[in-house]
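Working notes, structure below.
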Amino acid sequence: MADEVKLFGMWASPYSRRVELALKLKGIPYEYIEEDLSNKSSLLLKYNPVHQKIPVLVHNGKPIAESLVILEYIDETWRNNPVLPQDPYDRAMARFWAKFIDEKLLTTARKVSFATGKEQDQAIEQITEQLKLLENELKGKEYFSGQSIGYLDIVANVLVFWFRNLQEALGVDMFTEEKFPIIFEWIGKLVKIDTVNECRIPKEKHLDYIRTRLEALKFSSK
Amino acid sequence: MAEEVKLFKTWSTPFGLRVVWALKLKGIQYDAIDEDLSNKSALLLQYNPVYKKVPVLVHNGKPISESLVILEYIDETWKQNPILPEDPLEKARERFWAKFNDEKLLPSIWDAFTKEGKEREEAIATSLENLKFVEEELKGKIFFGGEKIGLADLVFGWLANLICVFEEVTGFKIIDERFPVLLAWMQEFLELPIIKDNLPPHDKLVIKYQALYEKYHPAK
């Protein structure tokens with residue numbers, strides 16, 4: 001039976017992009033459905049009633065939600081080009097840092113975006129510490145996953161486009177090559193990979209999107 | 001080579017308890033080190049420099065932190081009595097619900113316990129919505145894992161021993177007759193020898209959470 005794979009996603013979401021990257025790295029054909037988050041489709045709400053969020057992968061009619069859960073599902077279902085390492089300890093380390101990126105780094109990035117003044121300074125201090133911790137994991141390695149890109153690179157892909165665009169839109173000293181030379185060296189390698197580029201968030205469109213959202217927030221808090 | 005397994009936890013942490021249950025389920029011998037979180041050991045800080053939290057599993061000198069990561073490590077290292085099924089879709093379901101507990105349900109109930117006024121009202125409403133999703137997921141099953149317990153059961157397991165403590169301390173019943181399937185699951189879960197024989201003492205928990213409650217709700 002032919003596999004039917006659909007991905008409900010959103011162009012600016014790093015969570016959605018990471019699933020696309022995994023699918024493309026494994027050469028899995030899929031149908032992409034772009035969601036308008038201000039007007040979610042009834043299909044999305046049916047497939048993810050609990051969170052009502054993207055991304056959702058639908059494989060032969062069965063939905064899987066939560067991007068990290070989806071990545072593991074993809075790796076276990078299509079066994080070619082494995083993205084997670086074999087060794088349980090290495091897998092644990094990859095999962096630990098993926099959680100760190102989602103639970104700490106991305107949360108703090110939002111704080112940096114929405115805060116102002118002293119609060120923003122504190123958030124920048126926090127994110128600097130967190131990025132340095134993550135940067136440590138790259139030391140002595142070609143990629144987060146070792147000799148070639150894998151699960152943690154796919155999750156850390158958020159740094160390659162989303163974070164850099166956020167830095168540019170905000171103009172604060174949050175994520176620069178001076179501060180994080182090893183991360184930026186890794187970014188330089190990632191952007192040379194065709195598949196990674198196919199999943200990039202279009203920069204100008206994204207900068208506009210971020211700026212519009214920040215303006216709307218300032219407006220609503222007056 | 002002899003295995004060396006250590007678990008850094010506290011006597012009461014539900015995140016440590018779920019790891020204890022997994023180790024017991026698989027018959028893994030380990031050394032438990034109960035930490036005093038107001039005075040963390042140098043070893044703990046060395047093994048978990050990023051979060052400085054419990055639980056931490058140390059297997060032959062190598063540390064693993066974050067309870068969900070630990071549970072998956074345990075399942076992949078010791079293959080007897082698996083807590084995750086073989087089928088990828090079923091595995092995804094277990095992981096989804098484990099995350100739901102940690103990211104949604106538990107925080108909402110914690111907020112309902114610790115917040116006051118309008119924030120408390122909202123936390124209670126959110127908790128009830130979250131509990132409804134869990135109730136729905138359990139329908140037609142004995143355990144989240146089906147006939148036997150799995151990852152999601154271990155992760156939701158804190159409800160079985162801590163909810164009654166919260167209810168006793170606050171005088172507010174959160175899992176009431178609106179959740180018959182969940183109530184039945186809690187009973188079945190607590191009757192399992194692995195669980196029943198590995199619970200922190202109820203009275204000690206009541207004292208601890210009573211003190212915490214008073215801290216969050218100082219008498220005016």
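Within every chain, numbering begins at 1; the chains are lettered A, B, ... in the order of the sequence lines, protein sequences first and strands thereafter.
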For this output row, return yes or no: ring centroids of F144(A) and W186(A) closer than 6.0 angstrom.
yes
Please classify the contact of [X] with chain A as side chain, backbone, both or neither, using a heavy-atom distance under 4.5 Å.
X	result
K104(B)	side chain
F96(B)	both
E103(B)	side chain
K62(B)	both

Which bit of [X] is near chain B, if near means a heavy-atom gap under 4.5 Å: side chain, backbone, both or neither?
X	value
E129(A)	neither
H59(A)	neither
R91(A)	side chain

Under 3.5 Å, is there a donor-acceptor pair linking the side chains of T176(A) and Q167(A)?
no
If we define contacts as heavy-atom pairs under 4.5 Å, which of M93(A), E72(A), Q130(A), K62(A) has the most with chain B?
E72(A)
Run through N80(A), T77(A), D75(A) and flag the one making a side chain to side chain donor-acceptor pair (under 3.5 Å) with K26(A).
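That would be D75(A).
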About how many Å separate CG of L71(B) and CZ of F15(B), when rounded to the nearest 0.5 Å?
11.5 Å
Test ring-ring contact (aromatic ring centres under 6.0 Å, His included) on F156(B) and F144(B) and set out the steps.
CA-CA 9 Å; F156(B) 280 114; F144(B) 289 95; 4.5 Å; yes
Could you please spell out the steps behind the side chain to side chain contact (heavy atoms under 4.5 Å, CB included) verdict for W78(B) and Y73(B)?
CA-CA 8 Å; W78(B) 292 277; Y73(B) 176 81; 4.3 Å; yes
